[in-house]
Amino acid sequence: MIRWLLVLAVGLGCAPKKIRIRPPTWRDLSDVTFLPYSGSSVESFFDKDGKLCPRYDRKVKQGFAGWQNEGSDAACDHDTFEDGLHPAHLELSWSGAIPNDGTYDLLAGGYAVGTWGRVQARGSYYGDFFAWARLDVEAKSAHCHAEWSAILGKAGVTGNWARMRDFTGWNEIPDLKLVGCKAGDPLTVRLTINADVNRGRVEVDAFGFSVINAEEIDRIFGIRPGSSGAEATASPR
């Protein structure tokens, strides 16, 4: 069993707020148009052998859909010593057609996204150095757009030191409002860990969702004719 899932089971008992990681057994899905999973992309993240981290292959392992490590090494690693100064990302995407003109709520369908890893800024005698990782959601079509983001981990250092910060656990994705959508337009939702480092590294142990089977991956994001309750705002971190 994946070690972070075991830690989660213990930690949720004393946490001030419990986060639902999967949908309830019964939920109102009336008028929801689900967006099928459409693929993944990787930029400047590498595996333990130094090869570009493989794209997510849609397989479900140990009840988890997404990237996950096996053993003590990170699943995907971006290190400026080896990879240079490049922004890096791991991205999952879903896409579908908008059924009618109007305003829609983008729903995460009751799934929280899990992110585990760490950021490390390595200093030097002169200069300011940083490393950060951010979780981004962007829904975009030709006529409507919404986005949300949350900082996962951020480390900064001045001088010949190193500082590291872990990120671990589940992140709730709020409903987002899409205004002015047009029928037939393709809509794409991108869920991304973005990383940037000027001296240091970002390691991702796991990034994805708790699911039972691969069919669930096509029901993580959906749109429903809009209500006043959805907001496209960043959650505090």
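Atoms considered below: every heavy atom in the structure, side chains included; atoms not considered: hydrogens, waters and symmetry mates. In this chain, residues are counted from 1 in sequence order.
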(request) State which residues pass ring-ring contact (aromatic ring centres under 6.0 Å, His included) with Tyr56; sequence neighbours excluded, sorted by chain then number. (result) none

(message) We want to know whether Thr168 and Trp116 form a side-chain donor-acceptor pair, criterion being a heavy-atom distance below 3.5 angstrom.
(response) yes

(message) Can a donor-acceptor pair be found, under 3.5 Å and without considering hydrogens, that links the side chain of Trp94 to the backbone of Leu187?
(response) no

(request) Check whether any side-chain heavy atom of Lys51 lies under 4.5 Å from a side-chain heavy atom of Phe46, and answer yes or no. (result) no

(message) Whether the Ser93 and Thr188 side chains hold a donor-acceptor pair (N or O, under 3.5 Å, no angle test) is what I'd like checked.
(response) no

(message) Does Arg55 have more than 12 heavy atoms from other residues, nucleotides or ligands lying within 6.0 Å of its CZ?
(response) no

(message) So, taking the atom named CH2 in Trp148 and the one named CG in Asp136, what distance separates them when rounded to the nearest 0.5 Å?
(response) 8.5 Å

(request) Compare all side-chain heavy atoms of Glu91 with those of Leu191 and state whether any distance is below 4.5 angstrom. (result) no

(request) Could you tell me the separation between the CG atom of Asn213 and the CG atom of Asp218, rounded to the nearest 0.5 Å? (result) 10.0 Å

(message) Is the shortest side-chain heavy-atom distance between Leu35 and Ser95 below 4.5 Å?
(response) no

(message) Contact between Arg22 and Ile212 at the side-chain level, heavy atoms closer than 4.5 Å - yes or no?
(response) yes

(message) For a quick test of reading the model, state the closest non-hydrogen atom pair linking Asp185 to Ala142 and the distance between them.
(response) OD2-CB, 3.8 Å

(message) Checking side-chain polar atoms at under 3.5 Å, does His78 have a donor or acceptor matched by the opposite partner on Glu203?
(response) no

(request) Of all the heavy-atom pairs spanning Ala155 and Ala121, show the shortest one and how long it is. (result) O-CB, 3.7 Å

(message) Please enumerate all residues that pass ring-ring contact (aromatic ring centres under 6.0 Å, His included) together with Tyr111, with sequence neighbours excluded.
(response) none

(request) Anything under 30° is parallel, anything over 60° is perpendicular, the rest tilted; go ahead and classify Trp67 against Phe207. (result) parallel

(request) Check Ala131 against Val197 and note the closest heavy-atom contact, atom names and distance. (result) CB-CG1, 3.8 Å

(request) Looking only at non-hydrogen atoms, find the nearest pair between Tyr104 and Pro99 and report the distance. (result) OH-CG, 3.4 Å

(message) Any salt bridge linking Asp196 with Arg134? Criterion: basic side-chain nitrogen under 4.0 Å from a carboxylate oxygen.
(response) no

(request) Show your reasoning for whether side chain to side chain contact (heavy atoms under 4.5 Å, CB included) applies to Ser30 and Arg224. (result) CA-CA 8 Å; Ser30 58; Arg224 179 158 53 191; 4.3 Å; yes

(message) Closer than 4.0 angstrom, basic N to acidic O: yes or no for Glu147 and Lys140?
(response) no

(message) Is it true that His89 and Asn194 share a donor-acceptor pair across their side chains at a distance under 3.5 Å?
(response) no

(request) First locate atom CD1 of Ile193, then atom CG of Leu92, and finally report the distance between them rounded to the nearest 0.5 Å. (result) 9.0 Å

(request) Following the transitive rule for hydrophobic clusters with a side-chain heavy-atom cut-off under 4.5 Å over Ile, Leu, Val, Met, Phe, Trp and Tyr, establish whether Leu52 and Val202 coincide in one cluster. (result) yes

(request) Would you tell me whether Thr80 and Asn198 have side-chain atoms, one donor and one acceptor, within less than 3.5 Å of each other? (result) no

(message) Check Asp73 with Lys48, please: is the shortest side-chain N to carboxylate O separation under 4.0 Å?
(response) no

(request) Ignoring hydrogens and angles, tell me if any N or O in the side chain of Asp57 forms a donor-acceptor pair with the backbone of Lys59 under 3.5 Å. (result) yes

(request) Search all heavy atoms of Phe221 against all heavy atoms of Ala108 and return the closest pair with its distance. (result) CD2-CA, 4.1 Å

(message) Taking the side chain as everything from C-beta on, heavy atoms only, tell me whether Ile173 gets closer than 4.5 Å to Val113.
(response) yes

(message) Applying side chain to side chain contact (heavy atoms under 4.5 Å, CB included) to Leu135 and Ser149, what does each step give before you reach the verdict?
(response) CA-CA 5 Å; Leu135 180 66; Ser149 66; over 6 Å; no

(message) Quick one, Cys76 and Leu90 - any side-chain contact, counting heavy atoms below 4.5 Å?
(response) yes

(request) Working to the nearest 0.5 Å, report the span between CZ of Phe167 and CD1 of Ile151. (result) 11.0 Å

(message) Looking at Asp105 and Lys177, is any side-chain nitrogen of the basic one under 4.0 Å from a carboxylate oxygen of the acidic one?
(response) yes

(request) Measure the spacing between NZ of Lys182 and SG of Cys144 and express it to the nearest 0.5 Å. (result) 9.5 Å

(request) Evaluate the side chain to side chain contact (heavy atoms under 4.5 Å, CB included) criterion for residues Leu152 and Asn171: first the C-alpha distance (whole Å), next the side-chain angles of each, then the deciding distance (0.1 Å), finally the verdict. (result) CA-CA 9 Å; Leu152 296 173; Asn171 304 266; 3.9 Å; yes

(request) Decide yes or no on side chain to side chain contact (heavy atoms under 4.5 Å, CB included) for Glu70 and Lys61, but give the supporting numbers first. (result) CA-CA 11 Å; Glu70 297 180 1; Lys61 299 178 181 179; 4.0 Å; yes

(message) Would you say that Asp205 contacts Arg118 through its side chain, given a criterion of any heavy-atom pair below 4.5 Å between the two side chains?
(response) yes

(request) Drop me the distance from Glu215's CD to Ile217's CD1, to the nearest 0.5 angstrom. (result) 8.5 Å

(request) Scan Leu107, Leu178, Leu176, Val189 and name whichever one has a side-chain contact (heavy atoms from CB on, under 4.5 Å) with Ile223. (result) Leu178

(message) Is there a side-chain contact between Val211 and Phe64 in this structure, where contact means two heavy atoms from C-beta onward sitting under 4.5 Å apart?
(response) no

